[in-house]
Enquirer: 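Before I ask anything, here is the structure I am working with.
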There are 2 protein chains.
Amino acid sequence: MSIQYQGLVTHGLASQIADKIKQAILDGALKVDERLPTEEELAQRFAVSRPTIREALKRLAAQHLIRSRRGPTGGTFVNQPTQAETRLMMANATALLVSMGELSLGDIAETRQEIESLCCRLAATRRTDAQLAVMAEEIKRQRDPTLSDQDFCASDVRFHCTLIASAHNPALELAAAGVIESLQPAVNLMIFRFRDRAQVANQHDTLYQALVARDAQGAMSALTHYMDVLTTQYQAAQEASETPKKPRKIKPVTAQAPRHE
Amino acid sequence: MSIQYQGLVTHGLASQIADKIKQAILDGALKVDERLPTEEELAQRFAVSRPTIREALKRLAAQHLIRSRRGPTGGTFVNQPTQAETRLMMANATALLVSMGELSLGDIAETRQEIESLCCRLAATRRTDAQLAVMAEEIKRQRDPTLSDQDFCASDVRFHCTLIASAHNPALELAAAGVIESLQPAVNLMIFRFRDRAQVANQHDTLYQALVARDAQGAMSALTHYMDVLTTQYQAAQEASETPKKPRKIKPVTAQAPRHE
DNA sequence: ATTTCCTATTTGTCTGACAAATGTTACTTT
DNA sequence: AAAGTAACATTTGTCAGACAAATAGGAAAT
C-alpha cells in the first residue's frame, strides 16, 4: 500500500510559496524586470502573514531570482540572471564541495585539463585578435619580475579564462567555471611555494603561439605539459608540506559574490 | 580616487549575517552536521532580532548550506553538500539562463557534444560491467514499443547519465550536469514530435557496442552521429512549428528539487 | 519492562508596529 | 514662471512579543 504523502505540508509555507513564485518565473508568467505585488498583497493572496512572504522572497533573493528596492516605485522585481552571476554560483558550489572533501583535486584537475583541451581545439579556429592580444599582455605581465605573487596568480586566471572565452561558447564557459575556480587555490599554493613563474609563463607562451598559428594540436600539447607540471608540483608541494593528515586545507578565496538587491 | 564602500551598510543586516555564517562554514569554523546556536542566541550574539536571524538562515537554507529541525534536539545544522544536490542546482541555474534567452540551445548542444565526447574517450577504458549492463538495459527498454514517450525520454536521460558516470570523474559529471539537463527539454520536444525512437535506440546501441569493445573512436563517432541527428531534427521541428517568433518556448521540466530541511 | 502521556525545547508562523529609503507633490522663493 | 526645497506617501527593512507545531526525553501507569 504505497500512500502518497507528497500533497501534505511537509515543507513549510515559506518554501511552498517560494516554489510557486519560482515556478511562475520559470514558466514565464512573471517576466524579467516585472514587478510583483507588494509583500502585503502577496500575503493576502497566499493567505499568510508578511513574515512568511518575506522568508519566501529571501529564499529567492539568495538564488538571485529577484531583487528588492524600497520606496514608492520600489518593490520586488524579477531579476535577469547573468552568465557572470551563474558562473560565480557554480564556482562557489564547486569550491564548497571541494572544501568538504566531496570532490578530489585530482578529479578536478583532470576535468579542467579535458575541458581546457577542447577549448584549445575550438579556440585554434575561433580565437579573435583581441583575445590573442589579451593573452600576450598577460604573458608579458607574468614575465615582469616586480609582479607580486598575488598579481601573478590573478594573471594566470585571466589567461586561462581568456583561453576558454576564445572558444566562443558561453555554455562551455559556464561548465568550465566550477573546475577552473576551484582548482585555482591549489595552483596558487604551488606558485607561492616554488615561485616557478618562468616555466608557467613559457608554457603560456607556447600555447599562445600555437593559437596564433591556429595549431590546435600544438595548443593542446602545450596545455597538457602545463597541467602535467602543475600536477607534479602539486604533489611535491603536498609531500613537502609534511601534513598528510589534512590534504585539503586549501581555502577557497573566491567567495566575495557581488551583492545587488 | 577609488573609495571603498564595502564597509558600509549597503546590503542589509540579514545579508551580512548570512555572509558571516557562510564564511564560517567555508573557513571550517563550523563543521558538517555541527549544530549552531539557537535563533535567539544568534540574535543576541549578532545584536539583532530573531526575524533578521531567520531571514539570514533562510538565505543559507535556500543554498542548501544548512538544515533546520524543530524540537529539543532540533536546531540548525550545517549541511553536507552532496554532488547530487549541486548537480540539481547547476541544472536549474542553466535552465533558467536558457529560458531567459541568455544561453542558446546551439551553444549548449555543442558543449554537450564536446563533453560527452570526452566522456566516451574516458569511458572506453574505465567503464565497468555494471555500467554497461545499465546501458544495455536502457537500450532494451527503448526498443519496447509499449513504452510511453515520457518513459522513453527518461530512459534517454539515464543512458547519457550512465555514459558520463562511466568516465568515473565526479567533477566531470558536475560540469556536464547543466548542459545535459537543460538540453533535455529540446530533446524531448523532438522525440515527441517525430517519435524517431528506433534511430535513437540504434545510435545508443552503436555507442554501447563501442564501449564494450573499448573502442574510444567508435564511441565518439557514434555520439557525433547521435548529436547530428538531434540537431537536424531540432531545426526541422523548429521550422515545422511555424512560430519562429518564439524560438525558445521550451519549458524546463527539471525543477522539482527535492526538499529536505 | 513496555507503553503512553506529559513536558520542555526549538523552529515555524502570526500580529502589530516603527524605521529607513525614495519617488512624488505641493509649496515657497527668486 | 521656474527652480529649489520640504513634506508626504509608499514600500521594504527591522524589531518586539506571542502562540502554534513538532519532537525528543522523561515520567507515570499498566
Side-chain angles (χ1 to χ4, degrees), chain A residues 5-22 25 30 33-79 259-261, chain B residues 5-22 25 30 33-79 259-261:
Chain A
Y5 289 101
Q6 61 183 6
L8 302 183
V9 285
T10 51
H11 295 133
L13 285 174
S15 278
Q16 298 175 45
I17 292 169
D19 269 359
K20 277 197 179 295
I21 297 176
K22 182 176 180 180
I25 294 175
L30 294 171
D33 289 337
E34 183 174 338
R35 173 186 171 171
L36 31 106
T38 67
E39 295 179 349
E40 281 185 48
E41 200 171 343
L42 283 172
Q44 291 176 6
R45 207 177 293 186
F46 283 107
V48 295
S49 70
R50 197 160 85 91
T52 304
I53 289 291
R54 281 188 62 75
E55 288 192 5
L57 294 180
K58 286 306 159 190
R59 294 181 96 100
L60 299 177
Q63 300 172 322
H64 301 135
L65 261 72
I66 58 173
R67 63 179 185 277
S68 296
R69 237 183 34 230
R70 283 193 273 208
T73 63
T76 307
F77 299 85
V78 178
N79 219 5
R259 204 54 64 52
H260 47 83
E261 60 185 308
Chain B
Y5 288 101
Q6 60 182 7
L8 303 182
V9 285
T10 51
H11 294 134
L13 285 174
S15 278
Q16 297 175 45
I17 292 169
D19 271 358
K20 276 196 180 296
I21 297 177
K22 182 176 180 179
I25 294 176
L30 294 171
D33 290 336
E34 183 174 339
R35 173 185 171 171
L36 31 106
T38 67
E39 295 179 348
E40 281 184 48
E41 201 170 343
L42 284 172
Q44 290 175 7
R45 207 176 293 185
F46 283 106
V48 296
S49 69
R50 197 161 85 94
T52 304
I53 289 290
R54 282 189 61 76
E55 288 193 4
L57 294 180
K58 287 304 160 188
R59 296 179 95 98
L60 299 177
Q63 300 172 330
H64 301 134
L65 261 73
I66 58 173
R67 63 178 186 278
S68 297
R69 238 183 34 230
R70 285 193 272 208
T73 63
T76 306
F77 299 85
V78 178
N79 217 6
R259 203 53 65 49
H260 47 83
E261 61 185 309

Enquirer: On the nucleotide dG25(D), are OP1 or OP2 found under 4.0 Å from the side-chain N or O atoms that Thr73(B) carries?
Expert: no
Enquirer: Should the pair Glu55(B)-Arg59(B) be classified as a salt bridge under the 4.0 Å nitrogen-to-oxygen rule?
Expert: no
Enquirer: I'd like to know if Glu40(A) and Arg50(A) make a salt bridge, using a cut-off of under 4.0 Å between side-chain N and carboxylate O.
Expert: no
Enquirer: Measuring from the side chain of Glu55(A) (C-beta onward, heavy atoms only), which nucleotide among dT13(C), dT10(C), dG12(C) has the closest atom?
Expert: dT13(C)
Enquirer: Could you tell me the separation between the CG atom of Leu57(B) and the C1' atom of dT13(C), rounded to a whole number of Å?
Expert: 15 Å
Enquirer: Consider salt bridge (Lys or Arg N to Asp or Glu O under 4.0 Å). Of Lys58(A), Arg54(A), Arg45(A), which one does Glu39(A) pass it with?
Expert: Arg54(A)
Enquirer: Supply the atom-to-atom distance Phe46(B) CZ to Gln16(B) CD, rounded to the nearest 0.5 angstrom.
Expert: 10.5 Å
Enquirer: Please determine if a side-chain N or O atom of Ser68(A) lies less than 4.0 Å away from the OP1 or OP2 oxygen of dT11(D).
Expert: no
Enquirer: If you assign Gly74(A) and Ala14(A) each to the DNA chain C nucleotide with the nearest heavy atom, which residue ends up on the more 5' nucleotide?
Expert: Ala14(A)
Enquirer: Let me spell it out: for each of Pro72(B) and Arg70(A), pick the nucleotide of DNA chain D with the closest heavy atom. Which residue's pick is nearer the 5' end?
Expert: Arg70(A)
Enquirer: If I take atom CZ in residue Arg69(A) and atom P in nucleotide dG23(C), what distance separates them, rounded to the nearest angstrom?
Expert: 6 Å
Enquirer: Counting only side-chain N and O atoms of Lys58(A), is one of them less than 4.0 Å from OP1 or OP2 of dT12(D)?
Expert: no
Enquirer: Separation of Arg67(A) atom CZ from dT22(C) atom C1', in whole Å?
Expert: 16 Å
Enquirer: Would you say Arg35(A) reaches dT11(D)'s phosphate, i.e. side-chain N/O to OP1/OP2 under 4.0 Å?
Expert: yes
Enquirer: List every contact pair, protein side and nucleotides 15-17 of chain C side both N or O, where the distance is under 3.5 Å.
Expert:
| unit_1 | atom_1 | unit_2 | atom_2 | d |
| --- | --- | --- | --- | --- |
| dA17(C) | N6 | Arg50(A) | NH2 | 3.3 |

Enquirer: Given side chains that start at C-beta, do those of Gln44(A) and Val48(A) come closer than 4.5 Å, heavy atoms only?
Expert: no
Enquirer: Taking the side chain of Arg54(A) as heavy atoms from C-beta outward, which of dG23(C), dT12(D), dG25(D) is closest to it?
Expert: dT12(D)
Enquirer: Looking at every non-hydrogen atom in both residues, tell me the closest pair between Leu57(A) and Ile21(A) and how far apart they are.
Expert: CD2-CD1, 4.1 Å
Enquirer: Tell me if a side-chain donor or acceptor on Arg67(A) pairs with a main-chain N or O of Val78(A) at a distance below 3.5 Å.
Expert: yes
